[in-house]
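Report on the structure given below.
Side chains are part of it too, since the values below use all heavy atoms of this structure and drop only hydrogens, waters and symmetry mates. Both counts, for ligands and for their atoms, begin at 1 and track the order of listing.
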Amino acid sequence: MRTQVAIIGSGPSGLLLGQLLATVGIETILLDRVSPEYILGRIRAGVLEDGAVRLLDQAGAGARLHAEGLIHDGFSLAFSGQDHRIDLHGLTGGKRVTVYGQTEVTRDLMAGRAQSGALSIYEAEAVTLHDFDRDAPYVTYQKDGQTHRIDCDFIAGCDGFHGVSRKSVPETALRTFEKIYPFGWLGLLAEVAPVSPELIYAHHPRGFALCSMRSMTRSRYYIQCSVDETVDAWSDERFWDELRRRLPAHHAEALRTAPSFEKSIAPLRSFVTEPMRFGRLFLVGDAAHIVPPTGAKGLNLAASDVHYLFEGLREQYRDGSGAGLEAYSAKALARIWKAERFSWWMTSVLHRFPTMGDFDQRMQEAELAYLAQSQAASTALAENYVGLPF
Ligand code: RFL
Ligand code: PHB
C-alpha cells in the first residue's frame, strides 16, 4: 500500500490531522493498536479552547459540538470554604471555553473519516516505523497473522505517551524533560445534574477536587488521591463523602449523587520531548508532551500541534516548500512550554503535596486569595485557561 501521510494513532491528534488533510486532498492511512470501541470507552478531556473548536469546524467535525457543547464564561476557584468566580469572558475580552467530552470529539472525527472513505486500520499489531531519517519511509504492521507494509512520504506519530513513534527515535537524538507528581486523580462519571452550572476547582487541606460535567444531566468529578491507590478501594459512597468534605458547604449540600458508570485513576505528569521532528517523522500531541490535567490543556495542545503540522504539510504539497515543516517543532514547542508552565502552576497551587507543612498550606491560600482579589493575577489565569493564541 502507498499513501502520502501515514498516521499512527486514532486519538484526537491523529483523527483531526487526517480530517484536515482530507479537506485539501492529501491522502492518509491511519493505524491504531486497539479498536474504535476501546478508544471511545476512554473518558478523558472535557474542556475545549476556542482554537480547538475552530480547528474542528475547519475539519468539518463541529456540528454536534455546536449543538450540544456547553459554553462556559467562567469557573469557580473554591478555597477556605468559599467560591471565587474567575470571569473568563470579562477578563479576556470575550473569550470562553466549550465543555464537550473528548469521547464525543473522537466519535465525531471517526464518523467524518468513515464518511470520507479514508482507510483506517484498527487492531494493528507490532506497528513499526522504518527509514524516516531517509527519503522513503514506510510503516509495517501485523493484522490477521500477516505482515503489511505502507509506503509514505511522511509519518505523523500521534500515538500518545505510550506509543511506538517516540520510542523509534534514537535516544541520543532527543532530550526529554519530566516531572512526576506524588498523587493522582480519581475520576467518576455519573448520570446526574452537575452540582453547579460552572466548573469548580477546589483547594482543600485534604486535597484537590474538581467538579466538571459532560452535559446538564451528566457529571464528571475528580478527587486527588495517592498514587498507590486502587479504584476497588473507592466505593461510590466513599467517593461522594470525600468529595463533599473538600467542597464549600453550600456545594456539599447541593451535591446530588447517582451510581457511577465509570471510575478510573490517572497519574499526573509533566513531560516534554525536544525536538518534535526527526527527518520525515513528526511527533504530535501526547506522543511528544504530557501535562497534568489541572489546566485542561492536553487535548488543546494536541490541537495546536495538529494545526502547525497541517499548515506545514499543506505548504509542502501545494507549493513544494518545506519551510512550514522545518518550523514545526520550534513553533509547537514555544506554545507547549507555556502550557506546561500553566498546568504545572495550577497543579502546584491547588494540590496537597505529601511534604507540605502548615506554612506551605498558608502560602497556597495566600496565593489563591491574591488571585481572587487582583485583576492582574486573575487576568493572567483567565488568559492561559482560555488558551494562548496559535
Ligand atoms: P491519545 O488520545 O492517547 O491517542 C493515541 C492513540 O494512539 C494509539 N496507539 C497506537 N497505535 C498504533 N501503534 C501503537 N504502538 C500505539 N500506541 C498507542 C492509542 O491506542 C490511541 O488511540 O493521544 P492524542 O491523540 O495525542 O490526544 C491527547 C489527549 O488524549 C490528551 O492530551 C487529553 O486527554 C488530556 N486531558 C485533557 N486535555 C484537555 O485539553 N482538557 C481536559 O479537560 C483534559 N482532561 C485529560 C483530562 C487527560 C486525562 N487522562 C486520563 C490522562 C483528564 C484526564 C483524567
Ligand atoms: C473534565 O471534565 O474531564 C476536565 C475538566 C477540566 C479539567 C480536567 C478535566 O481541568
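Atoms of ligand 2 found under 4.0 Å from any heavy atom of Arg44 (numbered from 1 in listed order, with element): 3 (O). Atoms of ligand 1 lying under 4.0 Å from at least one heavy atom of Gly46, given by number and element, are 42 (C), 43 (O). Against a heavy-atom cut-off of under 4.0 Å, Gln102 is close to the following atoms of ligand 1: 2 (O), 29 (C), 30 (O), 33 (C), 34 (O). Here is the list of ligand 2 atoms found below 4.0 Å of a heavy atom in Val47: 5 (C), 6 (C). Those atoms of ligand 1 that come under 4.0 Å of a heavy atom in Val164, given as number and element, are 15 (N). For ligand 1, the atoms lying closer than 4.0 Å to a non-hydrogen atom of Pro293 are 47 (C), 53 (C). Under a 4.0 Å criterion applied to the non-hydrogen atoms of Trp185, ligand 2 contributes the atoms 8 (C). Each of the atoms 5 (C), 6 (C) of ligand 2 lies under 4.0 Å from some heavy atom of Leu199. Listed by atom number, the atoms of ligand 2 under 4.0 Å from Thr294 heavy atoms are 10 (O). Near Gly285, with a cut-off below 4.0 Å to any heavy atom, the atoms of ligand 1 are 26 (O). The distance from ligand 1 to the heavy atoms of Asn300 drops below 4.0 Å at these ligand atoms: 40 (O). Listed by number with element, the atoms of ligand 1 under 4.0 angstrom from any heavy atom of Gly11 are 2 (O), 4 (O), 6 (C), 22 (O), 25 (O). Those atoms of ligand 1 that come under 4.0 Å of a heavy atom in Cys158, given as number and element, are 5 (C), 6 (C), 7 (O).
Counting heavy atoms only, Asp159 comes closest to atom 10 (C) of ligand 1 of the residues Val306, Leu186, Asp159. Among Tyr221, Tyr222, Tyr201, the residue whose heavy atom lies nearest to atom 7 (C) of ligand 2 is Tyr201. Among Ala288, Ala296, Gly9, the residue whose heavy atom lies closest to atom 41 (N) of ligand 1 is Ala296. Atom 23 (O) of ligand 1 has its nearest heavy-atom neighbour, among Gly160, Ala302, Ser35, in Gly160. The heavy atom nearest to atom 1 (C) of ligand 2, out of those in His72, Arg214, Lys297, Gln102, is found in Arg214.
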Kindly indicate, with the supporting measurements, whether the criterion salt bridge (charged side-chain N to carboxylate O under 4.0 Å, His left out) is fulfilled by Arg335 and Glu49.
CA-CA 14 Å; Arg335 189 169 192 276; Glu49 299 171 0; 3.0 Å; yes

Going through the distances and angles, do Asp241 and Arg244 end up as a salt bridge (charged side-chain N to carboxylate O under 4.0 Å, His left out)?
CA-CA 5 Å; Asp241 284 345; Arg244 275 192 210 97; 3.1 Å; yes

Before giving the answer on ring pair (Phe, Tyr, Trp, His ring centres under 6.0 Å), spell out for Phe353 and Phe183 the whole-Å C-alpha distance, their side-chain angles and the decisive distance to 0.1 Å.
CA-CA 8 Å; Phe353 287 71; Phe183 39 73; 5.0 Å; yes

Working note: Thr106 + Arg44, criterion side-chain contact (heavy atoms from CB on, under 4.5 Å); need CA distance, chi angles, decisive distance, verdict.
CA-CA 11 Å; Thr106 309; Arg44 290 186 169 179; over 6 Å; no

Derivation of the side-chain contact (heavy atoms from CB on, under 4.5 Å) call for Trp344 and Val291:
CA-CA 8 Å; Trp344 159 83; Val291 285; over 6 Å; no

Intermediate values then yes/no, side-chain contact (heavy atoms from CB on, under 4.5 Å), Arg206 and Arg352:
CA-CA 7 Å; Arg206 293 182 67 85; Arg352 175 87 195 174; over 6 Å; no

Evaluate salt bridge (charged side-chain N to carboxylate O under 4.0 Å, His left out) for Arg246 paired with Glu242, printing each intermediate quantity in order.
CA-CA 7 Å; Arg246 298 183 189 187; Glu242 187 59 37; 2.8 Å; yes

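The shortest separation from a heavy atom of Glu49 to ligand 1 is not under 4.0 Å, leaving the residue out of contact. Put simply, no part of Ile43 is less than 4.0 Å from ligand 2, judged by heavy atoms. Proximity of Gly187 to ligand 1 is not established, as no heavy-atom distance is less than 4.0 Å. Within the structure, the closest approach of Tyr222 to ligand 1 falls below 4.0 Å when heavy atoms are considered.
Nearest protein heavy-atom contact of atom 26 (O) of ligand 1 is Ser13 OG, 2.6 Å. For atom 2 (O) of ligand 2, the closest non-hydrogen atom on the protein side is Ser212 OG, 2.6 Å. Atom 35 (C) of ligand 1 has Gly298 CA, 3.8 Å as its closest protein atom, hydrogens excluded (heavy atom only). Protein heavy atom nearest atom 21 (C) of ligand 1, with residue, atom name and distance: Arg42 NH2, 3.3 Å. Of the protein's non-hydrogen atoms, Arg33 NE, 3.2 Å is the one closest to atom 17 (N) of ligand 1. For atom 8 (C) of ligand 2, the nearest protein heavy atom (residue, atom name, distance) is Pro293 O, 3.4 Å.
An N or O contact shorter than 3.5 Å links Arg44 to ligand 1 by distance. Of the polar atoms of Ile39, none of the N or O atoms is found under 3.5 Å from an N or O of ligand 1, judged by distance alone. Geometrically, ligand 1 and Phe161 share no nitrogen or oxygen pair separated by less than 3.5 Å. Checking only distances, Leu299 does come within under 3.5 Å of ligand 1, N or O to N or O. Looking at Ile43 next to ligand 1, no N or O pair under 3.5 Å apart turns up. At a 3.5 angstrom cut-off on N or O pairs, Arg220 does not count as close to ligand 1.
Results of the side-chain contact (heavy atoms from CB on, under 4.5 Å) test with Val284 over Leu16, Ile7, Leu309, Ile8 single out Leu309 as the only residue that passes. For the ring-ring contact (aromatic ring centres under 6.0 Å, His included) criterion with Phe208, the lone passing option out of Trp185, Phe79, Tyr222, Tyr221 is Trp185.
If you look at Asp286 next to ligand 1, the close heavy atoms, those under 4.0 Å, come from the backbone and the side chain alike. At a 4.0 Å heavy-atom cut-off, ligand 1 touches Ala45 through backbone and side chain alike. Within the 4.0 Å heavy-atom criterion, the part of Lys297 lying near ligand 1 is the backbone and not the side chain. Residue-level proximity to ligand 1 for Asp32 is carried by backbone and side chain together, each with a heavy atom below 4.0 angstrom.
Less than 4.0 angstrom separates atom 52 (C) of ligand 1 from none of the non-hydrogen atoms of the protein.
For Lys263, the NZ atom is densely surrounded, since the number of other residues' heavy atoms within 6.0 Å is greater than 12. When the shell of 6.0 Å around CD of Gln375 is examined, it contains 12 or fewer heavy atoms from other residues, nucleotides or ligands. Counting heavy atoms of neighbouring residues, nucleotides and ligands inside a 6.0 Å radius, atom CG of Asp358 does not exceed 12 of them.
Using modelled atom types, one side-chain atom of Lys297 and one backbone atom of Tyr385 make a donor-acceptor pair closer than 3.5 Å.
Under the 6.0 Å distance and 45° angle rule, Arg33 does not count as a cation-pi partner of Tyr141. Cation-pi geometry between Arg277 and Phe282 is not met at under 6.0 angstrom from the ring centre and within 45 degrees of the axis.
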